[in-house]
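Computed from a prediction, not measured in an experiment: that's the story for all the values here. In what follows, chains are A, B, ... by sequence order, proteins preceding strands, each numbered from 1.
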Amino acid sequence: MIMAWVLVLVVLGSVIFHLVSPWWWTPIASNWGYIDDTLVITFWITGIVFAAIVLFMAYCVYRFRHQSGRTAEYDPENKRLEIWLSVVTSLGVAAMLAPGLIVWKQFVTVPDDATQVEVVGQQWFWSYRLPGEDGRLGSSGVEWISSDNPLGVNPHDRFGADDVIVEGGNLRLPIGKPVKVVLRSVDVLHDFYVPEFRAKMDMVPGMVTYFWFTPTRTGDFEVLCAELCGTGHAFMRSYVQVQEQADYDAWLADQATFASLQQGQPVRVAKQP
Amino acid sequence: MANASDRPDAGIPPAEVPDLALPHPHSWWAKYVFSQDAKYIAIQYACTATAIGLVALVLSWLMRLQLGFPGIFDFITPEAYYQYITMHGMIMVIYLLTALFLGGFGNYLIPLMVGARDMVFPFVNMLSYWVYLLAVLVLVASFFAPGGPTGAGWTLYPPQAILSGTPGGQGAGIILMLVSLILFIIGFTMGGLNYVVTVLQARTRGMTLMRMPLTVWGIFIATVMALLAFPALFVACVMMLFDRLLGTSFFMPALVEMGQQLSYGGGSPIVFQHLFWFFGHPEVYIVALPAFGIVSDLISVHARKNIFGYRMMVWALVIIGALSFIVWAHHMYVSGMHPYFGFFFATTTLIIAVPTAIKVYNWVLTLWRADIHLTLPMLFALAFIVTFVNGGLTGLFLGNVVVDVPLSDTMFVVAHFHMVMGVAPILVIFGAIYHWYPKVTGRMLNVGLGHIHFWVTFVGAYAIFFPMHYVGLVGVPRRYPEIEATFITTPIAGLNAFISVAALTVGAAQILFLFNLFWSLRNGREAGPNPWRACSLEWQTPETPPKHGNWGKELPVVYRWAYDYSVPGAPEDFIAQNDPGPRVERDGPP
Ligand code: HEM
Ligand SMILES: [Cu+2]
Ligand SMILES: [Cu+2]
């Protein structure tokens, strides 16, 4: 008896908590509103299923609880009911999977006009590299890492010479331009995570990973690490500052390039393979 | 035609396999320490698993103290916090749940439920326990190693797991953890082979596969899965041990640690993740399937009604078991593996939802027009359905690749897996203990204490983990001992403190439960052989608790499935499996 009421209260409590509690996702600042939409669809479908099943249980517990003289029905199988339920479930699942896969297709298809930005993770801070005037990032590798080449940019690659290096600072991005974020780690796994952008991706030493997004709102957005990387994991922070194009250009013009950081060492031009 | 099948033992084959010759213990040691009786081994497994599980419980209090009241407990440094989560997670999943379901319930129930005298290989079965105990001791030793236990997270991802930025990475912590896991797998394999062979070879006459109780089916399929999944973890542990001790580079690319070039090169951290989750996802079901099986039987017995759709239930177990080997990479959507894998793994993952949902429907449909006795096992079974449905549904968020992107590695994931593979199976374990304790000890557990235990645990656990989803939805990452960040627009400190208070309360209720277990040994009401009036064989033993050899002189003969409850026209509301009584015409399994 009490159990029937508690089951009803569990459903009511959960629904009310969902609707009125102030804890919800942080306002979005990227083009991935579709992800939020898919999430909301999923909330609706699963919420209805949860309420239906638990309320059905509550009804059974109330209606069919043991009282003297009660006997249960003998009812081993019911093919039609079982098939019917399987079909309905499959349809519900498809209704969530289909939009999910469509949005995933967009998520993994980087637009041609996206600019590349590199994020490098190491214990326990972030560094960034932007392509210079040539619009291309030079190649890189851990074997070139040294005190005056902290990101391991290949000194023999001419595309790297004009790359802008931001070590341990913040990343700036112009608003409204798609960016392909290229991710690297020099030591252990990290994960570049900005809650407002909805996207995240692990950075893996020895590999280059990526994702893309378009910033849609100016402001400062905090970068967190979302893959356990040792004791400093929770304190590995930085900001992405999304700016109007003009402010961004002004800032970019002020930045040191890789070549200038090499303290006058001439940058040899690599032979094209 | 005079119908031969009217004879009660029609269709019951003569014994093909001679009755087992049991080893009979001659000394005190052989009887009470190195026992080869599966029932005794089961109790040894259960006590050891509970003891180490208590350590994990205490660690969860410490973690919740830190999260709920950050900055107050100076001794909980980030290093310590990471050690707590790692040991808590690993103990709960492997050393408690896997050991308790398979080593504990498997050993006790399989021989009794299929009508065997014991496991087929009693000596190997005994060894299995002692190797498990050794694995636990090695794990405990890591708490006392210089530098403490590993803090790499229960997933042990390299490279950080074996580097100096992680607690225990360059000390003995990670080595002891890997050795302990290797031992656990060896011990489990010895037990697991036993469970499989016993189910296949030692069933009594008339006990066809399709007459086995779902408990046996759940444990059987889970064991087959474990035998296929654990080897992946085994090789991953051995290779990581080589990387750490011998300087090989299976999982280690060239890398620079704190400005220092290390001599590793050429390995891949992602390969470890594939191996880990090839084990890790089936592991979720290794814990879940025994719970599915047991809860089916609890519901059926206490609702006095046959489980609805028995054959569908068996096939759903088999299908879930098979599919769970091709979904592992849903744990790796944002790991950097090729993004096109996302399409495949999201699809397989959501397909698994269908057989899983069928199981849930059949549980609740069993309640329809039943005669529901709200005993403690039934209450826990109902609570299981609530938490399992809740956690299963949030799994649809995380399985649907693009929805997982914002949620992965946040507290949403922590809430999800606690609901579905933490709270739900543990509720089944409690229900099962209230249900079978009378068979194991001959006495009932105290009902009053049991009710307090039930209500605090069910409502409390829901209060811990339901709101935790919203902490993750806000964006708080997991494995953060404290969180201060600008994206949090509504403060979550109050919510976190609430969750912590609920966690401590639930923890306290478990102490009450332990007290009940000890107190009722002496003071519980006498149970008699079949207090729940259940059909399955374990309740039909000549003695309670069952003696060595289980069945006295003659093995039982089985005439029907395990679910003949409330058969119309039968004198009582159950007909035991070994009752030759009336043949029941039904649309369903024989
Ligand atoms: C009252 C009971 C429990 C409480 C209060 C609790 C609490 C917690 C907390 C606070 C964390 C760390 C979250 C983070 O910062 O990432 C955690 C992690 C974890 N828990 Fe529990 N837990 C409980 C029971 C269980 C059970 C029964 C299981 C069994 C499956 C379990 C498995 C895990 C796992 C696998 C992790 C992940 C560890 C990691 O991130 O490496 N917990 N738990
Ligand atoms: Cu990190
Ligand atoms: Cu999984």
Side-chain angles (χ1 to χ4, degrees), chain A residues 3 10 14 22-23 25-26 35 38-39 42 46 50 53-54 56-57 60-61 64-66 70-74 76-77 82 85-86 89-90 93 96-97 100-101 103-104 107-108 123 142 145 186-189 195-196 198-202 204-207 209 222 224 226 228-231 234, chain B residues 78-79 153 157 159-160 165-166 253-257 269 304-306 309 312 334-336 339 342-343 350 353-354 357-358 361 364 367-374 386 389 393 396-397 400-403 405-406 409 470 473-475 477 479-481 485-487 490 566-568 586-588:
Chain A
M3 189 61 182
V10 164
S14 306
W23 296 289
W25 56 48
T26 183
I35 296 186
T38 316
L39 213 152
T42 314
T46 56
F50 180 70
I53 291 179
V54 178
F56 179 84
M57 274 168 62
C60 289
V61 169
F64 307 117
R65 69 187 184 280
H66 177 69
R70 227 212 115 68
T71 34
E73 189 175 77
Y74 191 75
E77 286 185 353
E82 287 174 72
L85 284 171
S86 314
T89 309
S90 307
V93 166
M96 289 179 284
L97 183 61
L101 292 186
V103 181
W104 181 245
F107 190 80
V108 300
Q123 290 172 329
V142 287
I145 291 180
V186 304
D187 42 34
V188 302
L189 302 178
E196 288 89 346
R198 300 295 187 265
K200 65 161 83 73
M201 187 56 71
D202 276 11
V204 184
M207 266 175 81
T209 56
E222 196 162 2
L224 294 90
L228 182 54
C229 54
T231 46
Chain B
E79 283 88 347
Y157 282 178
Q160 52 102 9
T166 298
L255 56 87
V256 172
E257 192 199 22
R304 313 310 295 161
K305 194 170 166 232
N306 62 286
M312 193 79 138
V334 296
S335 70
F343 293 107
L350 267 69
V354 179
I358 289 173
Y361 299 147
V364 296
L367 300 174
W368 182 251
R369 302 212 170 128
D371 174 20
I372 300 173
H373 292 248
L374 286 174
V386 174
V389 170
L393 289 170
L396 294 173
F397 291 69
N400 199 353
V401 55
V402 82
V403 185
V405 170
D409 277 307
Y470 292 81
L473 202 60
V474 166
R479 297 168 169 170
Y480 268 39
T486 50
F487 70 85
T490 317
S566 307
V567 176
R586 77 174 92 81
D587 184 23

Please identify, among [options], the residue contributing the most non-hydrogen atom pairs under 4.5 Å to chain B.
options	answer
A:C60, A:G206, A:C229	A:C60
A:T38, A:T89, A:T209	A:T89
A:T71, A:V108, A:I145, A:L97	A:L97
A:P195, A:S86, A:S90	A:P195

Check the angle between the aromatic planes of A:F64 and B:W368 and answer parallel, tilted or perpendicular using the 30° and 60° thresholds.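 Because their plane-to-plane angle is over 60°, the rings of A:F64 and B:W368 count as perpendicular.
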[X] portion near chain B, given a 4.5 angstrom heavy-atom threshold:
X	value
A:E222	both
A:V61	both
A:M3	both
A:F50	both

Structural part of [X] lying under 4.5 Å from a heavy atom of chain A:
X	answer
B:L473	both
B:P159	both
B:F343	both
B:Y361	side chain
B:A357	side chain
B:L367	both

Taking the side chain as everything from C-beta on, heavy atoms only, tell me whether [X] gets closer than 4.5 Å to [Y].
X	Y	value
A:I35	A:V103	yes
B:L374	A:H66	no
A:L189	A:P205	yes
B:V474	B:F487	yes
A:W25	A:L39	yes
A:L228	B:Q160	yes

Using a cut-off of under 4.5 Å on heavy-atom pairs, state which of [options] scores highest against chain A.
options	result
B:L396, B:I358, B:N400, B:V389	B:N400
B:G153, B:P481, B:A254	B:A254
B:G475, B:P477, B:S335	B:S335
B:V402, B:L255, B:V386, B:T166	B:V402

Donor-acceptor pair, distance only, cut-off 3.5 Å: does the side chain of [X] make one with the backbone of [Y]?
X	Y	value
A:D187	B:E257	no
A:K200	B:D409	no
A:T42	B:F397	no

Considering residues at least two apart in sequence or located in another chain, which fulfil the side-chain hydrogen bond (donor to acceptor under 3.5 Å, both in side chains) criterion with A:E82?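 side-chain hydrogen bond (donor to acceptor under 3.5 Å, both in side chains) check on A:E82 returns nothing, list empty.
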